[in-house]
Amino acid sequence: MWRCLLAGAVLVLGLTGCGGEGERTLGAIQLIQNLDYRGALEQLDLAEEGGENDRLVNRARGIACMGLTDYEQAAAYFEAALAGSNGVVQNVDFDLNFYLAAAYTKSSRYSEAESIYDAILALRPNEEDAYFLRGNVRLALGSHEGAKEDFDKVISMDAHNYDRLIEIYEVLDYYGRGAEGQEYLRAALASGDKEMDKYASGRIYYYLGEYQNACLDLEEAREKGGVESYLYLGRAYEATGDYNYAANVYNSYLEKGEGNAEMYNQLGLCEMTRGEYRKALEAFQAGMQLENTTMMQTLAFNEIVAYERLGEYSQAYILMGNYLNNYPDDRQAKREYEFLSTR
C-alpha cells in the first residue's frame with residue numbers, strides 16, 4: 001500500500017534560533033532546514049568543542065534527532081538542555097518543553113508528555129497549543145473525558161479557528177472517535193458564524209462525508225488560489241470517485257508553476273488509483289526535486305511503490321535499500337524490502 005498523510009496529531013515547531021546561538025549552531029540549524037540532519041549533528045559537535053552555548057547546542061541536537069526519527073536520543077538532548085537552566089524560567093524553556101513533550105509522544109511515553117503539558121499550563125494557562133496537544137496524549141492514554149475537556153477549552157478560546165477544529169476532528173478520528181469529532185464539525189456549521197468562509201465550510205463538509213457540498217463550496221474557494229483549497233477540492237472529487245477530474249484539479253494548480261510537494265504527492269496517489277503508474281512515478285519524482293520539502297520520506301516511499309506497480313522490481317529493491325539507510329525505523333519498509341528481495 002502506498003503512503004499518504006497520516007491523520008493524527010503532528011506538532012510543527014519552529015527551527016529558527018532562540019537568540020544567542022554561535023556561528024556553528026546557526027549553521028547546524030540551516031542544515032536542519034535543508035534536512036541534512038547528520039551534517040547538522042557533525043556541525044554541533046564542532047560547536048560544542050568551540051565553546052558555544054551548551055543549551056542551544058543540545059536543543060539543535062534534539063531537533064536533528066527528531067528529524068532522524070531517533071526520538072529517545074532527541075528526548076535525552078532536550079532533557080540535557082533543560083538541565084542547564086539557571087533556574088529562571090525563560091522562553092527557551094517553554095520551547096524546549098514543547099519539543100521534549102513531542103519527543104516523548106513520538107516514543108509513546110504519553111504520561112511523561114502529559115506531565116510536561118500540565119507544567120506548561122500551570123505557568124501559562126492561556127497556552128492554546130498545550131491544551132490541544134495534551135488532549136492528543138490523553139486520547140493516547142485512553143482518557144477520553146480529559147481529552148474532551150482540553151478540546152472544549154481550545155474551541156472556547158477561539159471558536160473561529162476552523163483549522164484547529166479540523167485538527168481536533170482528525171485526532172479524534174485517528175483514535176476511533178470520528179463520530180465525536182463530527183459533532184464538533186456539525187456544531188460549527190449550525191452556529192451560523194458569518195466569519196466561516198467557503199473554504200472552511202467546504203473542508204467541514206469533506207470531513208462530514210458530504211462530498212457534493214464540499215465540492216460546491218471548495219470550487220468557489222479555489223478561486224482564491226490557495227494550495228490547500230486545491231488539495232481539498234481534489235480529494236473531495238476523489239471521494240466521489242471522479243479521479244479524472246481530481247487529477248485535473250491537481251494539475252491545474254501545478255501548471256501555475258508553483259511547485260508543492262504535497263500537491264505532487266496527492267496527484268501521484270490519484271494517478272496510482274487510476275492505474276496510471278508511470279504518471280504517478282513522474283509526480284512523486286517531481287515532488288522530490290523540490291528543495292527543502294518535509295515530505296521527502298513519503299515521496300520516496302511512494303516512488304518505490306510506483307516502481308513495484310510498474311513491475312520494475314530491481315529498481316524498487318535498490319531504492320528501498322537506500323530508503324532504509326535514511327529511515328531505518330520504518331517497519332513497513334523493512335517488510336517491503338524482504339518482499340522485494342524475493343522478486
Side-chain angles (χ1 to χ4, degrees), residues 1 3-14 62 66 69-72 74-75 78-79 94-191 200 203-210 228 232 235 294 297-298 329-332:
M1 188 64 180
R3 278 267 165 96
C4 60
L5 294 178
L6 177 66
V10 179
L11 176 61
V12 180
L13 294 162
M66 291 285 281
T69 68
D70 188 352
Y71 303 119
E72 290 292 349
F78 295 137
E79 288 167 347
F94 287 99
D95 173 86
L96 284 165
N97 273 289
F98 271 111
Y99 271 119
L100 179 57
Y104 283 158
T105 301
K106 290 289 190 178
S107 302
S108 300
R109 296 163 65 178
Y110 301 118
S111 293
E112 291 167 277
E114 182 183 25
S115 295
I116 289 178
Y117 294 129
D118 289 343
I120 291 172
L121 288 166
L123 292 173
R124 290 186 174 178
N126 294 319
E127 194 72 50
E128 182 182 327
D129 286 340
Y131 284 110
F132 171 67
L133 293 165
R134 188 175 67 177
N136 290 192
V137 296
R138 283 178 166 178
L139 279 177
L141 289 166
S143 178
H144 301 129
E145 286 302 315
K148 186 177 186 305
E149 288 178 7
D150 281 341
F151 294 151
D152 287 347
K153 177 67 174 179
V154 170
I155 293 170
S156 72
M157 294 173 78
D158 187 357
H160 307 299
N161 187 344
Y162 296 112
D163 291 336
R164 181 48 56 85
L165 179 68
I166 287 169
E167 288 176 333
I168 290 172
Y169 163 77
E170 289 179 313
V171 174
L172 286 166
D173 186 57
Y174 179 71
Y175 284 101
R177 304 183 74 84
E180 184 179 331
Q182 287 186 335
E183 290 178 13
Y184 284 114
L185 300 179
R186 290 194 179 92
L189 282 177
S191 70
R203 286 183 297 158
I204 290 173
Y205 280 126
Y206 173 80
Y207 287 113
L208 287 172
E210 298 181 24
E228 292 293 327
Y232 274 100
R235 289 169 183 156
T294 58
Q297 181 176 0
T298 299
D329 296 332
D330 192 326
R331 295 179 181 178
Q332 182 183 354

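Keep in mind that what you see is a predicted model, and the values were worked out from it rather than measured.
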If you round to the nearest 0.5 Å, how far is [atom2] of [Y] from [atom1] of [X]?
{"X": "Glu127", "Y": "Arg134", "atom1": "CD", "atom2": "CZ", "value": "12.0 Å"}
{"X": "Ile120", "Y": "Ser115", "atom1": "CD1", "atom2": "OG", "value": "11.0 Å"}
{"X": "Asn97", "Y": "Glu79", "atom1": "CG", "atom2": "CD", "value": "10.5 Å"}
{"X": "Phe132", "Y": "Met157", "atom1": "CZ", "atom2": "CE", "value": "13.5 Å"}
{"X": "Ile116", "Y": "Thr105", "atom1": "CD1", "atom2": "OG1", "value": "8.0 Å"}

Tested for side chain to side chain contact (heavy atoms under 4.5 Å, CB included) against Glu170, the lone hit among Leu172, Ile168, Ile166 is Ile166
Residues passing the side chain to side chain contact (heavy atoms under 4.5 Å, CB included) test with Asp163, sequence neighbours excluded, are Asn161, Arg203
Sorted by chain and residue number, the side chain to side chain contact (heavy atoms under 4.5 Å, CB included) partners of Ser107 (sequence neighbours excluded) come out as Tyr71, Glu72, Arg109
May I ask you to test the [X]-[Y] pair for a side-chain heavy-atom distance under 4.5 Å?
{"X": "Glu149", "Y": "Tyr131", "answer": "no"}
{"X": "Leu165", "Y": "Leu185", "answer": "yes"}
{"X": "Asn126", "Y": "Leu121", "answer": "no"}
{"X": "Asn136", "Y": "Tyr175", "answer": "no"}
{"X": "Leu100", "Y": "Tyr104", "answer": "yes"}

Can a donor-acceptor pair be found between the side chains of Tyr184 and Asp152 at a distance below 3.5 Å?
yes
Of all heavy-atom pairs between [X] and [Y], which one has the smallest distance, and what is that distance?
{"X": "Ala188", "Y": "Tyr162", "answer": "CB-CE2, 4.0 Å"}
{"X": "Ala101", "Y": "Ala113", "answer": "O-CB, 3.7 Å"}
{"X": "Gly62", "Y": "Phe78", "answer": "C-CZ, 3.3 Å"}
{"X": "Ala74", "Y": "Ala103", "answer": "CB-CB, 4.4 Å"}

- Query: Which is it for His144 and Arg138 under the side chain to side chain contact (heavy atoms under 4.5 Å, CB included) test, yes or no, and what are the steps along the way?
  - Reply: CA-CA 7 Å; His144 301 129; Arg138 283 178 166 178; over 6 Å; no
- Task: State whether Tyr206 and Arg235 meet the cation-pi test: NZ (Lys) or CZ (Arg) under 6.0 Å from the six-membered ring centroid, and within 45° of the perpendicular axis.
- Result: no
Applying side-chain hydrogen bond (donor to acceptor under 3.5 Å, both in side chains) to Tyr232 and not counting sequence neighbours gives Tyr207
With side chain to side chain contact (heavy atoms under 4.5 Å, CB included) as the test, would you mind laying out the steps for Asp150 and Tyr117 before giving the verdict? CA-CA 11 Å; Asp150 281 341; Tyr117 294 129; over 6 Å; no
Practice problem: Just do the salt bridge (Lys or Arg N to Asp or Glu O under 4.0 Å) check on Arg164 and Glu167 with the steps written out, would you? | Solution: CA-CA 5 Å; Arg164 181 48 56 85; Glu167 288 176 333; 2.6 Å; yes
Worksheet item: Taking it one step at a time, do Leu139 and Tyr174 satisfy side chain to side chain contact (heavy atoms under 4.5 Å, CB included)?
Response: CA-CA 10 Å; Leu139 279 177; Tyr174 179 71; over 6 Å; no
Side chain to side chain contact (heavy atoms under 4.5 Å, CB included) between Leu133 and Phe98, worked out:
CA-CA 9 Å; Leu133 293 165; Phe98 271 111; 4.1 Å; yes
